[in-house]
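Following: one structure in structure tokens, then a few remarks.
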Amino acid sequence: MKVLKNWNLPDLKEAGKRTRGAVERVDSFMIPASAVNMGEGKTYWLSTYGCQANERDSETLAGILETLGYQPAQGPESADVILVNTCAIRENAMDKVLGELGSFKRIYSQRPDVIIGVAGCMAQEDEFVKRVLAHYPWVRLLFGTHNIQDLPSLLVETMDTDDRVVHIYSRQGEVYENLPVRRFGKHKAWVNIMYGCDKFCTYCIVPYTRGKQRSRTMEDILKEIRELKAAGYREVTLLGQNVNAYGKDLDQDLTFASLLEETARTGIDRIRFMTSHPWDFTQEMIDVIARYDNIMPYIHLPLQSGDTDVLRRMGRRYTAEEYKALYDSITARIPGVAVSTDIIVGFPDESDEAFAHTLEMVKACRFDSAFTFIYSPRPGTPAARMEDPVSPQVKKDRLQLLNQVWNEYALEKMKAYEGKTVQVLVDGPSKRNPAVLSGYTETNKLVNFTGEGVKAGDIVPVFIETAKTFSLDGHLVTDTPAD
Ligand code: 5AD
Ligand code: SF4
């Protein structure tokens with residue numbers, strides 16, 4: 001394949017480097033003259049894969065596109081710009097993205113002026129980029145996680161050339177403030193508090209695709225939250241790959257506990273945060289969560305494995321006993337707290353005994369819910385180079401057994417809600433059945449309920465009649481004044 005001089009291709013080795021140099025902070029967003037109003041009368045379609053960080057990035061992509069004049073399209077068939085914001089966490093994400101890109105071939109053959117672009121974590125991966133360049137000629141723009149803010153000039157460049165435009169930087173990253181944002185929710189908002197990750201768990205691609213840990217300043221974060229509150233938002237979720245490490249990269253003496261406390265003092269109704277690494281989870285954080293009613297009693301605390309040797313080989317830096325001690329301290333000190341987790345089965349050379357330790361931990365903790373995955377080797381990460389004699393079938397069986405076990409406990413936890421009244425932040429009519437309303441409890445349980453005179457964004461009391469593994473059913477309590 002001919003590589004033109006102005007292509008910037010990803011380089012995972014470079015992406016994994018870390019230096020102590022100061023992080024560049026950019027406060028203003030500039031649109032080049034050639035891009036101003038370039039989207040007038042045109043439309044865009046965005047497709048997003050993966051985690052909340054990607055959802056939030058897509059809100060920025062949409063914000064930039066709308067600043068240029070583009071409007072949302074009804075679907076990709078009619079859009080002038082199609083962007084796919086990708087995720088690289090597991091291999092099946094790549095298959096899904098390639099499937100979607102394949103389906104755009106027809107659109108391109110009917111409308112060759114359409115700009116089809118790929119962004120996000122997978123664009124930071126060499127193998128993926130090579131495949132797209134070789135087999136998907138209708139993808140005309142590739143850019144990564146570090147140059148979202150350059151979208152206006154990237155679009156101009158793509159329009160001005162017959163060649164593909166590829167700008168992917170494998171750098172440690174900067175912090176950009178004041179980028180345009182088009183929030184997808186009206187009552188719940190994502191707020192980035194930091195970017196990147198320096199933990200380098202041995203299975204994980206994120207530290208390579210999203211650069212080094214860069215915290216936003218407390219001032220910038222609180223300003224955003226106050227503005228959201230003033231605009232009628234009722235819930236914010238503080239986002240970071242590892243929120244507990246917030247501030248460690250800043251000069252000031254800032255901790256996540258202090259950020260949480262200041263966020264609580266803004267008076268916004270509901271505060272959530274994710275994801276928490278057990279390593280940096282302090283007792284001070286537990287105190288703050290317990291002390292403020294507007295910090296939701298829900299914690300996502302990835303376990304990954306219940307076996308200390310596997311945890312060591314994963315680079316997680318806690319033992320199974322330390323995890324359990326932290327779990328106990330969280331559940332003892334935060335009344336009514338719900339805890340969910342992430343678990344990987346089939347990490348290289350995971351023995352039957354090691355997997356049994358994971359099951360034991362799940363039984364001991366009785367998680368409210370769990371996101372469970374079969375280990376997926378990510379090229380360039382240390383675990384991808386480890387010997388792995390465990391067969392795919394054994395891994396599938398382990399996943400099935402694990403799901404069976406956590407489902408049982410989750411249902412037990414849900415059953416405890418029957419006959420109780422909970423506060424629900426209403427999202428609107430349920431996706432499955434528009435005749436009922438749906439929303440989430442403080443502990444992040446999905447509730448479907450009946451009731452009159454309730455609108456999206458209200459926080460209302462709901463009496464729970466029946467519990468299922470993944471949702472609760474109930475009715476609005478009308479004799480208590482609504483929030
Ligand atoms: N294979 C399988 N699961 C993974 N995760 C991260 N990397 C991998 C991988 N290579 C899971 C972890 C993490 C969640 C977001 O995805 O459990 O917490
Ligand atoms: Fe990946 Fe570990 Fe960082 Fe989470 S903490 S993003 S699992 S490297």
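Whatever order the structure lists ligands and atoms in, that order sets their numbers, starting from 1.
Checked by atom type and distance alone, the side chain of T308 pairs as donor or acceptor with a backbone atom of A320 at under 3.5 Å.
Both tests do not hold together for R313 against F347: distance to the six-membered ring centre under 6.0 Å, angle to the ring axis within 45°.
Remark: ligand 1 atoms within the under-4.0 Å shell around heavy atoms of Q304 are 12 (C), 13 (C), 17 (O), 18 (O). Atoms of ligand 1 found under 4.0 Å from any heavy atom of I344, numbered from 1 in the order shown, are 3 (N), 4 (C), 5 (N), 12 (C), 17 (O). Residue V206 has at least one heavy-atom neighbour below 4.0 Å for each of these atoms of ligand 2: 6 (S). Per-residue contacts place F200 under 4.0 angstrom from the following atoms of ligand 2 (heavy atoms of the residue considered): 8 (S). Atoms of ligand 2 found under 4.0 Å from any heavy atom of R316, numbered from 1 in the order shown, are 2 (Fe), 7 (S). Contact atoms of ligand 2 toward Q241: 6 (S) (distance under 4.0 Å to a heavy atom of the residue).
For P207, every heavy-atom contact with ligand 2 shorter than 4.0 Å involves the side chain, none the backbone. In Y203, the parts holding a heavy atom less than 4.0 Å from any atom of ligand 1 are both the side chain and the backbone. At a 4.0 Å heavy-atom cut-off, ligand 2 touches Y203 through the side chain alone. If you look at C197 next to ligand 2, the close heavy atoms, those under 4.0 Å, all belong to the side chain. By the criterion of a heavy-atom distance under 4.0 Å, neither the backbone nor the side chain of N242 is placed next to ligand 2.
To the nearest 0.5 Å, atom CD of residue E224 and atom CG of residue N192 are 7.5 Å apart.
In this structure, the protein non-hydrogen atom closest to atom 1 (N) of ligand 1 is S376 N, 2.9 Å. The closest protein non-hydrogen atom to atom 6 (C) of ligand 1 is I89 CG1, 3.4 Å. Protein heavy atom in closest approach to atom 11 (C) of ligand 1: R90 NH1, 3.3 Å.
Atom 1 (Fe) of ligand 2 has an N, O or S atom of C204 inside 2.8 Å of it.
Taking the six-membered ring where the residue is Trp, Y318 and Y323 present tilted rings, their angle falling between 30° and 60°.
In this structure, I374 has a heavy atom closer than 4.0 Å to ligand 1.
Checked against the 6.0 Å centroid threshold, Y169 and F143 do not count as a close aromatic pair.
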Given the rule in the salt bridge (charged side-chain N to carboxylate O under 4.0 Å, His left out) test, do D473 and K468 qualify, once you have shown the distances and angles that lead to the verdict? CA-CA 8 Å; D473 290 337; K468 294 179 268 190; 3.2 Å; yes
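In the candidate list T275, L303, D342, D342 is nearest to atom 18 (O) of ligand 1, counting heavy atoms.
With a 6.0 Å radius and a threshold of 12 heavy atoms from other residues, nucleotides or ligands, D27 has its CG atom above the threshold.
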